[in-house]
> 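Questions regarding the structure given below will be posed in turn.
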Amino acid sequence: ALPISVAEGDISSPNSTLLPPPPPPPQPVYTDKHISEVVDELLEGSLKEHCKALSEAGIAYASAALSVSDTAAKELLNTVIPEILRGVATEEMTAERKRVEEEKRRVMEEKRRMMEEKRRLMEEKRKAEEARLKQKIGR
């Protein structure tokens with residue numbers, strides 16, 4: 001038999017053959033790649049939820065703003081259009097009055113010219129008659 005050295009029989013000795021060698025350190029069950037993929041999936045899910053909530057809030061805000069804007073536009077149009085129409089009607093009436101006044105002025109001017117022409121013709125006729133009478137008398 002081989003002599004047993006104290007080192008071989010001593011359990012605390014690293015050269016002891018009485019105990020099996022220690023097991024290898026445990027390997028991780030999940031790889032870094034797998035953990036990264038899980039984190040990406042969690043982030044993507046969370047981001048989708050937040051984006052959906054933000055989108056819904058944006059849609060609600062835009063809808064409310066459009067509704068308020070539509071109401072404000074209708075109120076503005078209901079106020080402004082009558083004022084614009086009143087202004088246009090006033091301008092048209094003023095223009096029509098001026099046109100009628102101008103037409104009256106032209107008619108009066110034509111009447112005045114006709115009266116002057118009539119006086120002139122009467123004066124010519126009177127002078128012609130007077131000359132004819134003078135001729136008759138002078139003979």
Side-chain angles (χ1 to χ4, degrees):
L2 292 170
I4 298 179
S5 75
V6 176
E8 287 180 13
D10 186 4
I11 295 177
S12 63
S13 167
N15 296 329
S16 170
T17 55
L18 297 175
L19 294 175
Q27 294 296 320
V29 177
Y30 301 104
T31 65
D32 286 346
K33 183 180 178 186
H34 185 259
I35 292 171
S36 177
E37 288 172 358
V38 169
V39 168
D40 285 347
E41 287 174 15
L42 289 172
L43 284 174
E44 186 177 332
S46 176
L47 187 60
K48 280 183 181 178
E49 286 179 32
H50 284 86
C51 286
K52 182 179 179 185
L54 185 60
S55 296
E56 289 171 354
I59 289 169
Y61 177 81
S63 294
L66 285 173
S67 176
V68 168
S69 175
D70 186 49
T71 301
K74 285 178 182 174
E75 288 176 5
L76 181 63
L77 287 174
N78 287 337
T79 302
V80 171
I81 287 188
E83 290 177 16
I84 290 172
L85 292 175
R86 199 171 304 121
V88 168
T90 300
E91 288 175 13
E92 286 299 316
M93 289 177 66
T94 301
E96 184 63 15
R97 278 191 200 109
K98 285 181 181 179
R99 188 193 65 74
V100 167
E101 287 173 6
E102 179 62 22
E103 185 65 26
K104 282 181 182 178
R105 187 193 64 74
R106 276 189 253 145
V107 167
M108 292 300 288
E109 181 66 25
E110 186 62 29
K111 202 179 215 184
R112 186 189 60 76
R113 280 191 211 129
M114 288 173 61
M115 292 296 285
E116 285 178 5
E117 183 65 18
K118 185 177 178 182
R119 274 191 224 119
R120 187 185 65 76
L121 289 172
M122 287 176 70
E123 183 64 24
E124 281 181 16
K125 185 178 178 184
R126 186 190 61 78
K127 285 181 181 178
E129 190 66 31
E130 197 175 274
R132 193 177 53 85
L133 284 175
K134 280 184 183 177
Q135 245 182 1
K136 241 184 191 182
I137 296 174
R139 284 191 194 170

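The first residue in the sequence is number 1, and the count goes up from there.
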> Nearest 0.5 Å, please: how far is NZ in Lys125 from NZ in Lys118?
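Interatomic distance, Lys118 NZ to Lys125 NZ, rounded to 0.5 Å: 11.0 Å.
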> The test is side chain to side chain contact (heavy atoms under 4.5 Å, CB included); show your working for Lys52 and Glu56 and say whether it passes.
CA-CA 6 Å; Lys52 182 179 179 185; Glu56 289 171 354; 3.2 Å; yes
> Please test Arg105 against Glu101 for side chain to side chain contact (heavy atoms under 4.5 Å, CB included), starting from the C-alpha separation and ending with a verdict.
CA-CA 6 Å; Arg105 187 193 64 74; Glu101 287 173 6; over 6 Å; no
> My understanding is that only residues two or more places apart in sequence, or in another chain, count here; which of them pass side chain to side chain donor-acceptor pair (under 3.5 Å) with Arg97?
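For Arg97 there are no side chain to side chain donor-acceptor pair (under 3.5 Å) partners, ignoring immediate neighbours.
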> Would you call Lys134 and Glu130 a side-chain contact if the rule is heavy atoms closer than 4.5 Å?
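Yes. Closest side-chain heavy atoms under 4.5 Å.
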> The criterion is side chain to side chain donor-acceptor pair (under 3.5 Å); which residues satisfy it with Arg120, sequence neighbours excluded?
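With sequence neighbours excluded, Arg120 shows a side chain to side chain donor-acceptor pair (under 3.5 Å) to Glu117, Glu124, given in chain and number order.
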> Could Lys98 and Glu102 be called an ion pair, given the rule that one side-chain N must be under 4.0 Å from one carboxylate O?
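No, Lys98 and Glu102 are not salt-bridged.
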> Would you give me the side-chain donor-acceptor pairs under 3.5 Å for residues 73-80, sequence neighbours excluded?
| unit_1 | atom_1 | unit_2 | atom_2 | d |
| --- | --- | --- | --- | --- |
| Lys74 | NZ | Asp70 | OD2 | 3.3 |
| Asn78 | ND2 | Lys74 | O | 3.2 |
| Thr79 | OG1 | Glu75 | O | 2.9 |

> How long is the gap from CZ on Arg119 to CE on Met115, to the nearest 0.5 Å?
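These two atoms lie 5.5 Å from each other.
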> Shared ILVMFWY cluster between Leu43 and Ile35, side chains joined below 4.5 angstrom?
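Leu43 clusters together with Ile35.
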> Give the intermediate values and the outcome of salt bridge (Lys or Arg N to Asp or Glu O under 4.0 Å) for residues Arg126 and Glu123.
CA-CA 5 Å; Arg126 186 190 61 78; Glu123 183 64 24; 2.2 Å; yes
> Could you grab the distance from atom CG of Leu54 to atom CG of Leu47, nearest 0.5 Å is fine?
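Here the rounded value is 10.0 Å.
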> Suppose the criterion is ring-ring contact (aromatic ring centres under 6.0 Å, His included): which pairs have a residue in residues 28-65, not counting sequence neighbours?
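As it turns out, the ring-ring contact (aromatic ring centres under 6.0 Å, His included) pairs with a partner in residues 28-65, which skip direct neighbours, are Tyr30-His34.
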> With a 3.5 Å cut-off and sequence neighbours excluded, list the donor-acceptor pairs that the side chains of residues 83-93 form with protein atoms.
| unit_1 | atom_1 | unit_2 | atom_2 | d |
| --- | --- | --- | --- | --- |
| Thr90 | OG1 | Arg86 | O | 2.8 |

> Less than 4.0 Å between a side-chain N and a carboxylate O, is that true for Glu110 and Arg113?
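Looking at Arg113 and Glu110, the cut-off is met.
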> Any chance you could measure Glu129, atom CD, to Met122, atom CE, to the nearest 0.5 Å?
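Here the interatomic distance stands at 12.5 Å.
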> Could Glu103 and Arg106 be called an ion pair, given the rule that one side-chain N must be under 4.0 Å from one carboxylate O?
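Here Glu103 pairs with Arg106 in a salt bridge, since their nearest N and O are under 4.0 Å apart.
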> Taking Ser55 for its side chain and Cys51 for its backbone only, find out whether a donor-acceptor pair lies under 3.5 Å.
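Pair found, side chain donor or acceptor close to backbone of Cys51.
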> So does Arg112 pair up with Glu116, basic N to acidic O under 4.0 Å?
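Judged by the 4.0 Å cut-off on N to carboxylate O distance, Arg112 and Glu116 do form a salt bridge.
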> Is the number of heavy atoms from other residues, nucleotides or ligands under 6.0 Å of Asp32 CG greater than 12?
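No.
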> Glu41: what forms a side chain to side chain donor-acceptor pair (under 3.5 Å) with it, not counting sequence neighbours?
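Glu41 satisfies side chain to side chain donor-acceptor pair (under 3.5 Å) with no residue once adjacent residues are dropped.
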> Might you work through the salt bridge (Lys or Arg N to Asp or Glu O under 4.0 Å) test for Arg99 and Glu96, ending with a clear yes or no?
CA-CA 5 Å; Arg99 188 193 65 74; Glu96 184 63 15; 2.5 Å; yes
